[in-house]
There are 2 protein chains.
Amino acid sequence: MNNFNDKQIDILLVAEKLFAQKGFDGTSIRNISKEAKINIAMVSYYFGSKEKLLEGLILFRIQDLKLKLENLYKEKLKPLEKINKFIELYIEKIDQNKDIYQILHFELSSNKRAMNLKAFTDIKRGNLSSLYKIIEEGQIQKIFKKDINIPLLTPTILGTYFHFQTSKPFFMEILNLNTDEQYNQYIKTDLTKHIQQTIKSLIANEN
Amino acid sequence: MNNFNDKQIDILLVAEKLFAQKGFDGTSIRNISKEAKINIAMVSYYFGSKEKLLEGLILFRIQDLKLKLENLYKEKLKPLEKINKFIELYIEKIDQNKDIYQILHFELSSNKRAMNLKAFTDIKRGNLSSLYKIIEEGQIQKIFKKDINIPLLTPTILGTYFHFQTSKPFFMEILNLNTDEQYNQYIKTDLTKHIQQTIKSLIANEN
DNA sequence: TTGTTTAAATTAAACGTTTGTTTAATATCT
DNA sequence: AGATATTAAACAAACGTTTAATTTAAACAA
């Protein structure tokens, strides 16, 4: 689909790691070449330029960011169960793709490079629309409250996760998480549960 | 206290704006000099280097990031009112200092530069400790639930705000906020209220 | 108020590196 | 043999920083 060969994907993965770690401007082609063990000319050879490498990376990853939510909507679950599954899938997906999310969010806010981030925006719009459907279903069943500011739920779900990631060293210390494994496990269990609980108590009619 | 003269502060303010906008690595000394209408040598003259300029900026701003929470704790308010005021003050403070927060969070996550961000961590620790006091007071009065994951409340409060800011263009579009003024007003009213409502329904025993 | 002296501020120019990119030659594969 | 891949070397441009000269400001004695 994307016509990237194995060598190109190697480069993309290294670039993704470094861009997320040190930023696009903080990463040089020589950094990438060294880490990927290739000649510096290969980046231009395969991608044309550093910017096009970034565009290629986004193109490469963007398809994987789409949540499988069509199925979720059709599943025979109670609205609250759907919400919980929605959050679980969402956090899981973001956690798997945190590097590209970090990059995209920085590019989005910096708008230094005039990139076409429409595909990313479209995904966010699609996810929001899925959330609308689930919640409106719950509202009809009078399980959910009527006055819910649905567009602000996403910032709470994603924002909680991202802020937790951004302040990783801080939370590792105060939560006594001593290894990366413990930290990742905490996200999968406690943090996800916290977010689910947060959204639930915000939208559900009774506890 | 910081011994920065007017000219130095001029430079710091320009640097803050550009660092937040385009990142530290994405901003050159020549960018700053041009915007501040000074000679490029002046940055080295006043601050020594580009990195020390960043350190100076953090030093310059860090004192203003401290919340005035000692007073809040002593005020004669109900626990829930204290929480609401806590959130309002917190968001207001961050909103006023969003540029330096953006810079600090990026530096914190990138750890490209081995900076001493202890002062920033200390502030966060202090704010968290204030939150503990308020909530424990409410728990004693049996107004708040017993099983609250207090350290995760901050990611929800700040994360919601920051994610809203990061995706500013997206939310301006879907919320039909056409000017920066409308956007800022929405933060002060609706977003702050949303966060207060979120935390309230998460920690309060009944609605 | 003078003129003189000393320190601080400002400038243009140059420094050596590093940057992204291109070239031209060589190697590898089909 | 011909296309593709890989390399070392070179390119101009931009980078952070330093230098040395000049201007401005402050201090001081007459």
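Just so you know, these numbers use all the heavy atoms, side chains as well, and skip hydrogens, waters and symmetry mates. By convention in this document, chain letters (A, B, ...) are assigned in the order of the sequence lines, proteins followed by strands, and residues within each chain are numbered from 1.
- In this structure, Y101(A) and H105(A) have tilted ring planes: the angle between them lies in the 30° to 60° band.
- Using bins of under 30°, 30° to 60° and over 60° for the plane-to-plane angle, the ring pair H163(B)/F162(A) lands in the parallel bin.
- The CD1 atom of I32(B) sits 11 Å away from the P atom of dC15(D) (whole-angstrom rounding).
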| query | Could you go step by step and tell me if E75(B) and K82(B) meet the salt bridge (Lys or Arg N to Asp or Glu O under 4.0 Å) rule? | reply | CA-CA 8 Å; E75(B) 281 185 43; K82(B) 280 189 187 174; over 6 Å; no
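- For E181(B), the CD atom is loosely surrounded, since the number of other residues' heavy atoms within 6.0 Å does not exceed 12.
- Within 4.0 Å (heavy atoms only), F47(A) reaches no atom of the nucleic acid at all.
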Please write out each protein N/O paired with an N/O of nucleotides 16-19 of chain C under 3.5 Å, distance rounded to 0.1 Å.
none

Could you list the protein-to-nucleotides 22-30 of chain C atom pairs, N/O on both sides, closer than 3.5 Å?
none

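- Nucleotide dT6(D) holds its C1' atom 6 Å from the CE atom of M42(A), rounded to whole Å.
- The partner of dA30(D), taking Watson-Crick or G-U wobble pairs whose two distances both stay under 3.5 Å, is dT1(C).
- As a whole-Å value, the separation of K52(A) NZ from dG20(C) P is 16 Å.
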| Chi angles and distances behind the salt bridge (Lys or Arg N to Asp or Glu O under 4.0 Å) call for E92(B), K188(B) | CA-CA 7 Å; E92(B) 196 178 281; K188(B) 224 175 221 168; over 6 Å; no
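- Atom CG in L54(A) sits roughly 12 Å away from atom P in dT21(C) (whole-Å rounding).
- In this pair, F164(A) and Y186(A) present their aromatic rings parallel. The plane angle is below 30°, not in the 30 to 60° band.
- The two residues N184(A) and K98(A) come nearest to each other via the heavy atoms OD1-NZ, 4.0 Å.
- Distance NZ (K34(B)) to P (dC15(D)): 11 Å, rounded to an integer number of Å.
- Using cut-offs of 30° and 60° on the angle between ring planes, the pair F47(B) and F4(B) is tilted.
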| task | Please lay out, stage by stage, how K168(B) and D180(B) fare under the test salt bridge (Lys or Arg N to Asp or Glu O under 4.0 Å). | result | CA-CA 10 Å; K168(B) 181 174 172 179; D180(B) 276 9; 3.5 Å; yes
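- Listed pair K7(A) / dT4(D) fails the phosphate criterion, with no side-chain N or O lying under 4.0 Å from OP1 or OP2.
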